[in-house]
Amino acid sequence: MIADETLNGDLLADLNAAQRDAVETVDRPVLVLAGAGSGKTRVITHKLSYLAARCGYPPESLLALTFTNKAAREMRHRAVRLLGERAERATIGTFHAVGLRVLRRHSSLAGLRPGFVVYDVADQEAVIKRVMIDNDVDPQRIRPAAIANLIEQFKRRGLGPEEVSAGDWVGESGRAQSASEHLAARLYPSYERRMSAMNAVDFGDLLWRVVKMFMSYPLLLADYQRRWRYVLVDEFQDTDEIQGRLIRMLVADSERGSGAGLTVVGDDDQSIYSWRGARIENILNFPNLFDSAHIVRLEQNYRSTGIILEAAGELIARNRKRHAKRLWTSTAPGEKLSLCLCQSDREEAARVAALVRSEGVATPLNEIAVLYRTNAQSRLFEEALGRESIPYRVVGGIRFFERAEVKDVLAYLRLLVNPKDDIAFARVVNKPKRGIGPVTVGRLLELAGARGVGAFEAIPTCASAIKRGETRLRDFHHMLTSVGALQSHATALEVVKALFDRSGYLSQYLSHAGEDVEAQGRHDNLMELVSSVAEFCERAQDPSLKAYLDEVALLTHLDTMTEEEQRVTLMTVHAAKGLEFEVAIVSGLEEGIFPHSNSRLDEGGVEEERRLFYVALTRARKRVFITFAQSRRHWDELAYQAPSRFLNELPAGLVAIAPGSLSFKMGAERRSRDVDGDPEGIVPEVIEPCEGLTLEEARGRRVRHSSFGIGTIVGGREDCVLVDFPHVGQRSIMIRYLELLNS
DNA sequence: TCCCAGCGCCTTTTT
DNA sequence: GGCGCTGGGA
């Protein structure tokens with residue numbers, strides 16, 4: 001085909017030698033080690049197109065797996081640009097979306113009934129909580145979230161309730177099972193029974209059940225192996241055990257031998273999800289698992305300036321567990337990183353806002369990102385930007401689909417699709433108030449449980465046994481059944497409108513509209529939800545309610561990100577992976593925050609935090625600003641922050657201290673002092689003079705020290721005072737190392 | 001059954 | 001500073 005010839009020319013001409021090697025090698029497994037900004041997505045999309053246009057793979061025989069819907073969408077978009085409309089026939093999706101599609105197609109083989117629903121984390125925790133109560137475990141003492149997490153881990157490791165309760169498995173960290181792992185193992189079978197009774201699956205099921213099904217039905221697996229002749233995997237460093245297994249299964253047919261139809265792309269330096277079960281071994285052991293594997297290194301960076309790359313490279317070189325590599329660029333060195341040292345988190349926020357304002361003069365706001373380690377840090381930035389009237393968007397945090405009123409409506413919809421969904425039933429049965437309280441619900445759940453049916457389904461037969469709530473329950477059942485009947489012919493939008501009409505859910509917020517700001521907000525959110533459903537119905541091939549719920553279940557925080565308007569973006573560093581901006585402002589470079597205090601618990605923790613900082617730095621094309629706050633308010637306590645160790649790991653010559661910063665000793669200077677054998681060990685790196693302090697006024701005053709915390713001055717001389725600290729006792733300290741407190 | 005005040009916990013990162 | 005849970009009172 002002529003069109004193909006043209007495409008082929010473009011396909012390879014666009015690429016550098018290493019990228020071309022990665023694309024052209026199709027006869028054996030390929031591992032692409034792709035540094036930040038080295039054109040990883042470009043390699044995958046080009047290879048996808050190359051396979052179809054040049055190697056005779058029909059598009060429908062190609063499978064590309066990603067982690068986020070956004071990445072999948074981007075990939076599909078770019079493949080269509082390269083290959084034309086037929087790229088749509090390739091399967092491009094997230095692991096979970098593809099898993100769900102496979103399960104839907106073979107639900108009975110997977111041990112599920114048609115119409116099963118996908119539970120999100122909150123639903124899952126609600127189930128766990130009930131299981132805990134059933135098993136006389138106090139949900140107050142052990143958080144259901146912790147148990148949910150552990151059960152998720154079991155599934156990620158391919159362990160079913162049988163294996164786990166048989167006891168022949170080892171704990172995640174080390175050999176022995178911890179107490180909570182033990183408890184999770186005990187509750188696991190009941191949890192699975194409960195989920196199954198409600199015809200529900202959790203996130204982990206979407207992959208684990210597929211793997212299990214493929215193991216039980218080799219012919220089915222063979223079907224999929226024949227269908228997907230070539231598999232491409234993005235962000236391979238983030239794959240976990242079950243994902244690794246799934247990939248290996250898909251490419252393990254005899255014809256392909258040792259996984260010829262497989263290309264994986266990843267960067268061990270950007271592996272930041274080990275806490276979620278990602279196995280770096282998947283990428284490190286790839287050459288051992290596939291002995292004919294071809295390894296391609298992409299080390300030319302097309303994104304950042306020379307200085308940003310050098311600083312990031314110097315930093316990441318301190319990690320021991322990594323493939324040695326060095327990114328390079330042919331572009332100019334650019335500007336130094338700017339380090340802004342602030343007295344407090346409030347000042348940090350104000351200075352970030354000022355920075356956004358000044359940068360925003362020359363740079364579109366869409367090209368500026370404020371990055372932080374934890375979501376909680378976003379609030380101050382939002383307030384400061386709001387005060388300055390700078391438009392911003394927050395990625396993550398409380399997501400639209402996690403808002404209480406939105407979840408209520410989704411629960412209604414789920415109950416319509418699946419009358420066995422007791423979690424959804426319990427959530428909505430009394431919203432708005434219908435006089436059906438916990439007592440009635442509990443009684444009904446008990447009766448339904450005894451019959452092995454869902455609570456909602458049980459109403460017609462069991463309601464008569466519940467004297468007080470009988471009529472109200474029957475009314476509720478009647479109302480919802482009438483809405484549910486629409487499903488056979490109506491779109492999701494029509495069902496939602498009918499639900500709002502008949503349930504009275506919307507009008508509870510309508511009646512207060514105008515006077516009640518909160519109700520107004522909730523009402524707006526419900527309207528937003530209606531738009532989302534309407535938009536879905538226009539776009540989707542299958543506009544049914546079921547299809548809508550499937551899509552919503554797999555949405556992530558990144559997917560609600562809108563890009564039309566000019567706004568500065570606020571997000572966690574994790575959320576920023578894979579994105580790039582002209583300007584990155586990386587905040588909160590403090591011990592305990594970045595690296596996070598919890599990372600000290602396990603051995604590789606600090607290395608992972610360092611990779612995270614590396615990811616943050618390499619998001620920027622042109623300029624990086626780093627901020628530090630000397631004091632930070634947690635809850636209602638003021639915490640004194642030490643500068644992050646990472647600051648001292650940046651080459652001092654590549655960092656400029658921003659004007660107006662606290663005084664600070666940078667890397668080289670500090671290191672040379674360490675070599676001299678400073679007897680104090682930890683020297684305060686941030687020094688703020690205690691100005692205008694005389695001893696008469698000073699006695700009894702409260703002061704703060706960077707290492708010892710808050711203490712009281714009990715004596716001393718002009719420039720050196722004796723301070724009593726609660727934990728370390730009395731110390732003689734130079735006044736200039738102390739901060740005077742007002743109280 | 002509903003309402004509200006008071007308390008305790010939270011804060012790592014999310015497919 | 002917020003959210004969910006709890007317990008007492010209406």
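Here is how names work: the chains are called A, B, and so on, in the same order as the sequence lines, proteins then strands, and each is numbered from 1. Below, all heavy atoms of this structure are taken into account, side chains as well, without hydrogens, waters or symmetry copies.
Remark: A:Leu410 CG to A:Asp120 CG distance equals 8.5 Å, nearest 0.5 Å.
Between A:Asn149 and B:dT14 there is no side-chain polar atom (N or O) within less than 4.0 angstrom of OP1 or OP2.
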(message) Please encode protein proximity along nucleotides 1-8 of chain B as a string of B, S and -, counting only heavy-atom distances under 4.0 Å.
(response) SSS-----
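In this view, A:Asn430 satisfies the side-chain hydrogen bond (donor to acceptor under 3.5 Å, both in side chains) rule with no residue, not counting sequence neighbours. In this structure A:Ala463 satisfies the side-chain contact (heavy atoms from CB on, under 4.5 Å) test together with A:Ile459, A:Glu470, A:Arg474, sequence neighbours excluded. For A:Lys431, the side-chain hydrogen bond (donor to acceptor under 3.5 Å, both in side chains) partners at least two apart in sequence or on another chain are A:Asp408. For the side-chain hydrogen bond (donor to acceptor under 3.5 Å, both in side chains) test, residues two or more places apart in sequence or in another chain that qualify with A:Glu551 are A:Arg539.
With A:Tyr273 as the aromatic partner, A:Arg276 meets the cation-pi criteria of under 6.0 angstrom to the ring centre and within 45 degrees of the ring axis. A cation-pi contact links A:Arg104 to A:Phe116, judged by a cut-off of 6.0 Å to the six-membered ring centre and 45° from its axis.
Along DNA chain C, the nucleotide nearest A:Ala404 and the nucleotide nearest A:Glu383 are compared for position; the residue whose nucleotide lies closer to the 5' end is A:Glu383.
Atom CG in A:Leu554 sits roughly 14 Å away from atom C1' in B:dT14 (whole-Å rounding). Regarding A:Asn375, its CG atom lies at a distance of 10 Å from the C1' atom of B:dT14, rounded to whole Å. With rounding to whole Å, A:Gln243 atom CD is found 16 Å from B:dT14 atom P. Atom C1' of nucleotide C:dG2 and atom CZ of A:Arg633 are separated by 16 Å, given to the nearest angstrom. Rounding to whole angstrom units, CG of residue A:Asp202 and C1' of B:dT14 are separated by 15 Å. Atom CD in A:Gln153 sits roughly 17 Å away from atom P in B:dT14 (whole-Å rounding). One interatomic measurement links the two molecules: NZ of A:Lys577 to P of B:dT14, which rounds to 12 Å at whole-angstrom precision. The CZ atom of A:Arg379 sits 9 Å away from the C1' atom of C:dG2 (whole-angstrom rounding).
Note on A:Asp240 versus A:Arg279: no salt bridge recorded, every NZ/NE/NH1/NH2 to OD/OE distance being 4.0 Å or above.
Using a 4.0 Å heavy-atom cutoff across all strands shown, A:Thr374 reaches sugar-phosphate atoms only and no base atom. Using a 4.0 Å heavy-atom distance criterion, A:Phe95 is classed as making no nucleic acid contact.
Applying the 5.5 angstrom centroid cut-off and the 30 degree plane-angle cut-off, the aromatic ring of A:Trp275 is stacked upon the base of B:dT13.
Looking at A:Phe95 and A:Leu206, their side chains never come closer than 4.5 Å, going by heavy atoms from C-beta outward.
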Find every protein N or O atom lying less than 3.5 Å from an N or O atom of nucleotides 5-8 of chain C, and list the pairs.
unit_1: C:dC5; atom_1: OP1; unit_2: A:Lys129; atom_2: NZ; d: 3.3
unit_1: C:dC5; atom_1: O3'; unit_2: A:Gln140; atom_2: NE2; d: 3.3
unit_1: C:dT6; atom_1: OP1; unit_2: A:Gln140; atom_2: NE2; d: 2.9

